[in-house]
Amino acid sequence: MGGGGGGAGGGSGNALHPEKVKIVATCLVVAVGVYLLGLYLKSGAEWRSNLSLSLNMKKKKKKPIRVYMDGCFDMMHYGHCNALRQASALGDQLVVGVVSDDEIIANKGPPVTPVHERMIMVNAVKWVDEVISDAPYAITEDFMKKLFYEYNIDYIIHGDDPCVLPDGTDAYALAKKADRYKQIKRTEGVSSTDIVGRMLLCTRERSISDSHNHSSLQRQFSHGHSQKFEDGGSGSGTRVSHFLPTSRRIVQFSNDKGPGQDARIVYIDGAFDLFHAGHVEVCYAFPVFSHVRAF
Ligand code: CTP
C-alpha cells in the first residue's frame, strides 16, 4: 500500500507541472532561437564575405580604360613627352598613333624625321603601351570605328591647341561628336616649329635674304604654334628656348622607383641635342637598359 501510495504520490510528484512545462518550452524556444540566430549570422557573414569577394573580383576584372593619342611627333621633344604623360594619366593603357609621312605632307608640310624613326622615339617613352604606325592625320569615321572596335579604345586625346585640316575643319570633330574626346594641356614654349627655327639660326653667317628664306622654310614645318608666326612677325625666331622646367614637372617625369640594391648602374654622357632615334638605340645597346625606357 505504502509502495502503491508512494508510487501514486511519486506519480503525481513527477507529473509535469504547467509552470515547469512553460519554463522547459521557453528554454527550448530560446535554444532554438539562439541556434537559428547563429546560423543566420554565420550565413550572413559568409554571404557578405562572398559578396565582397565577388565585388573585389569584379573590381580586379574591370576592363582597363584604353586611351588613344595621335600625332606627328616630329623631332620629338619635351612637349610631346609631356603630352604622352598627361594622356596616359587619363586611362590605364595608352595607345599612340604615329601619323604617316604622306599624311603629314598632305596636311602640314614635310616632316624632318621619317615615320620609322618617329616610331622608335614614341615607343621609347615610358608612358606609351602600344604604338600604331601610319595613323591618319584626321580621325575619320572608319578609323574611329577601328579604334573603338579593334583596338578597344575608350577615349581619343589631343592637346588643347586647335588641330585644323587644310579645309578648315576640326580633325577631331567626329570623336567630339561621339563624346569620346578628351583634352590635355599643350606645353608652352616648345614646338617642332620653334626647334626648326633655332636650327636654321645655327648657321654661322647669314644674310638678310637668308633670314627671309629661313622664315619661309620654318613656316613649312607644322602649322606654326610659334607665337611669332601667330603675331604675324618675321618668324626669324630666337636661339633662346622659351621652355621653363619647374621642379614639379621634373618630379612628374622622374621614375618613381630607384635602382635596386644590386643594380649595375651605367653612366653615359653626351649633348643629346635634338634627341633622336640613334640616342634611343644607344640606351638599348646596354643589356642592363633593355627594360628601361629612354625618357
Ligand atoms: N603637344 C603638346 N605640347 C607641345 C607640342 C605638342 O601637348 N608643345 C601635343 C599635341 O597637342 C598633340 C601631340 O602633342 O596632342 C602630338 O603633336 P604633333 O602632332 O606632333 O604636332 P604639333 O601639335 O604640331 O606639335 P609641334 O608643333 O611641336 O610639331
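Order of listing sets the numbers, starting from 1, for every ligand and every atom in it. Atoms considered below: every heavy atom in the structure, side chains included; atoms not considered: hydrogens, waters and symmetry mates. Remember, it's a predicted structure, so these values are computed and weren't measured experimentally.
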Atoms of ligand 1, numbered as shown, that sit under 4.0 Å from any heavy atom of Gly71
16 (C), 19 (O)
Need the ligand 1 atom indices (1-based, order shown) with element for anything under 4.0 Å from a heavy-atom of Ser191.
27 (O), 28 (O)
Does the distance from a Lys or Arg side-chain N to an Asp or Glu carboxylate O, for Arg186 and Asp160, drop under 4.0 Å?
no
Go through ligand 1 atom by atom and flag the ones less than 4.0 Å from a non-hydrogen atom of Val190.
4 (C), 8 (N)
Does the cation-pi check pass for Arg180 over Phe148, that is, NZ or CZ under 6.0 Å from the six-membered ring centre and within 45° of its axis?
yes
Could you tell me whether Met69 approaches ligand 1 through its side chain, its backbone, both or neither, with non-hydrogen atoms closer than 4.0 Å?
side chain
Flag Asp74 as yes when one of its N or O atoms lies below 3.5 Å from any N or O atom of ligand 1, and as no otherwise.
no
Applying a heavy-atom cut-off of 4.0 Å, say which part of Lys108 lies close to ligand 1: side chain, backbone, both or neither.
side chain
Give a yes or no on this: more than 12 heavy atoms of other residues, nucleotides or ligands lie within 6.0 Å of atom OH of Tyr181.
yes
Of Leu174, Ile139, Val67, the one forming a side-chain contact (heavy atoms from CB on, under 4.5 Å) with Ile156 is Ile139
Report the C-alpha distance between Leu84 and Phe73 in whole Å, list the side-chain angles of each, state the deciding distance to 0.1 Å, and finish with yes or no for side-chain contact (heavy atoms from CB on, under 4.5 Å).
CA-CA 10 Å; Leu84 296 171; Phe73 302 102; 4.0 Å; yes
Ligand 1 contact on Glu188 by region, counting heavy-atom pairs under 4.0 Å:
neither
Per-residue contact class, Ile157 against ligand 1 - non-hydrogen pairs under 4.0 Å
neither
Are Tyr155 and Trp127 co-members of a hydrophobic cluster defined by side-chain heavy atoms under 4.5 Å apart?
yes
If we only count N/O pairs under 3.5 Å, is Ala83 in contact with ligand 1?
no
